[in-house]
Amino acid sequence: GDSVTQMEGPVTLSEEAFLTINCTYTATGYPSLFWYVQYPGEGLQLLLKATKADDKGSNKGFEATYRKETTSFHLEKGSVQVSDSAVYFCALSDLNTGFQKLVFGTGTRLLVSP
Amino acid sequence: DVKVTQSSRYLVKRTGEKVFLECVQDMDHENMFWYRQDPGLGLRLIYFSYDVKMKEKGDIPEGYSVSREKKERFSLILESASTNQTSMYLCASILTGGQPQHFGDGTRLSIL
């Protein structure tokens with residue numbers, strides 16, 4: 001079945017450092033790919049998405065490119081802030097296998113220090 | 001703006017109790033979901049509903065049931081709560097496939 005694999009955390013960075021969180025997926029169809037973020041004490045909120053190969057999703061300085069050849073959707077940010085400290089989830093939605101269901105990775109905690 | 005509201009942020013119940021978690025969305029979405037979130041396991045789907053009175057089991061339905069009598073409300077029921085159901089529970093909704101899901105803030109449930 002479909003699956004999403006994320007790098008384990010926590011990822012600890014200093015403010016203004018470059019961020020990469022790796023995400024790879026396995027899917028039988030042509031999935032849509034998402035990054036969600038969960039700030040402390042809150043639910044998940046959509047950070048960015050991409051629906052086809054070579055699409056780049058971007059929001060709040062974060063970017064991720066849908067790479068079908070490597071089945072990856074890595075999250076990047078050029079300069080992180082303390083306020084980016086959160087848990088980041090990579091997810092996919094594959095209409096061929098599961099209606100509107102999302103398959104999530106296990107999440108990666110990011111800690112940014114001043 | 002989209003709003004998914006879960007009735008409780010924190011809940012403490014005892015083993016064997018019947019527990020109800022409520023979720024309401026104000027977006028006229030057809031599809032609603034219940035997940036549980038546990039450290040190291042990410043989010044796992046318990047049940048989802050694609051219409052009023054319609055439901056399907058997710059990946060971990062054992063010990064849970066759901067009710068959807070009205071479009072805007074989706075309830076998760078723990079028939080006889082057990083300590084291994086202590087977790088964070090998240091509700092979500094979506095209009096159509098391929099669109100992002102909208103989440104509530106979660107209910108942190110402790111079963112003693």
Side-chain angles (χ1 to χ4, degrees), chain A residues 1-10 21 23-25 27 29-52 55 57-59 64 66 73 86-109, chain B residues 1-10 21 23-25 27 29-51 54-61 74 87-109:
Chain A
D2 293 353
S3 66
V4 175
T5 302
Q6 284 182 242
M7 60 190 291
E8 286 197 26
I21 299 178
C23 171
T24 57
Y25 68 89
Y30 297 92
S32 295
L33 301 174
F34 305 86
W35 276 102
Y36 283 84
V37 58
Q38 184 179 34
Y39 298 104
E42 298 183 11
L44 277 69
Q45 54 186 275
L46 179 69
L47 182 60
L48 53 84
K49 69 173 185 177
T51 57
K52 61 183 187 296
D55 266 3
S58 62
N59 186 25
Y66 189 143
F73 192 54
V87 181
Y88 293 81
F89 291 91
C90 186
L92 69 82
S93 172
D94 187 342
L95 297 183
N96 291 331
T97 59
F99 199 57
Q100 287 94 338
K101 290 186 290 184
L102 282 172
V103 175
F104 286 91
T106 54
T108 302
R109 182 176 298 277
Chain B
D1 200 11
V2 167
K3 188 72 175 174
V4 177
T5 303
Q6 295 184 229
S7 54
S8 304
R9 292 299 300 272
Y10 301 94
L21 303 183
C23 175
V24 177
Q25 50 95 0
M27 297 159 286
H29 284 175
E30 302 289 338
N31 309 286
M32 298 185 73
F33 305 81
W34 275 107
Y35 297 91
R36 65 177 281 175
Q37 180 181 7
D38 299 290
L41 297 177
L43 274 73
R44 294 178 291 168
L45 181 65
I46 305 171
Y47 267 97
F48 71 99
S49 168
Y50 49 92
D51 202 351
M54 306 302 287
K55 62 187 179 185
E56 280 198 26
K57 294 179 180 179
D59 300 317
I60 52 164
F74 191 35
S87 187
M88 169 72 90
Y89 290 87
L90 291 165
C91 176
S93 71
I94 186 173
L95 181 59
T96 59
Q99 297 299 309
Q101 292 187 6
H102 300 274
F103 284 83
D105 285 339
T107 296
R108 187 166 293 282
L109 175 64

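Reckoned from all heavy atoms, side chains included, excluding hydrogens, waters and symmetry mates. Numbered from 1 within each chain, the chains take letters A, B, ... in sequence-line order.
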- Message: With side chain to side chain contact (heavy atoms under 4.5 Å, CB included) as the criterion, how do L43(B) and L44(A) come out once you've worked through the C-alpha distance, each side chain's angles and the decisive distance to 0.1 Å?
- Response: CA-CA 10 Å; L43(B) 274 73; L44(A) 277 69; 4.1 Å; yes
- Query: Going through the checks in order, is the side chain to side chain contact (heavy atoms under 4.5 Å, CB included) test met by L102(A) and F33(B)?
  - Reply: CA-CA 10 Å; L102(A) 282 172; F33(B) 305 81; over 6 Å; no
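In terms of modelled atom types and a separation under 3.5 Å, the side chain of Y36(A) and the main chain of P100(B) share no donor-acceptor contact.
Of all heavy-atom pairs spanning Q37(B) and Q38(A), the tightest one is NE2-OE1, 2.7 Å.
For T106(A), there are no side-chain hydrogen bond (donor to acceptor under 3.5 Å, both in side chains) partners two or more places apart in sequence or in a different chain. The salt bridge (charged side-chain N to carboxylate O under 4.0 Å, His left out) search around E56(B) returns none, not counting sequence neighbours.
With a 4.5 angstrom heavy-atom cutoff, L46(A) touches chain B only via side-chain atoms.
Residue with the most contacts toward chain B among Q45(A), Q6(A), E42(A): E42(A) (heavy-atom pairs, distance under 4.5 Å). Ranking Q101(B), Q6(B), R44(B), M88(B) against chain A, the residue ahead of the rest is Q101(B), based on heavy-atom pairs under 4.5 Å.
In this structure, Y35(B) OH and K101(A) NZ are separated by 9.5 Å, a value rounded to the nearest 0.5 Å.
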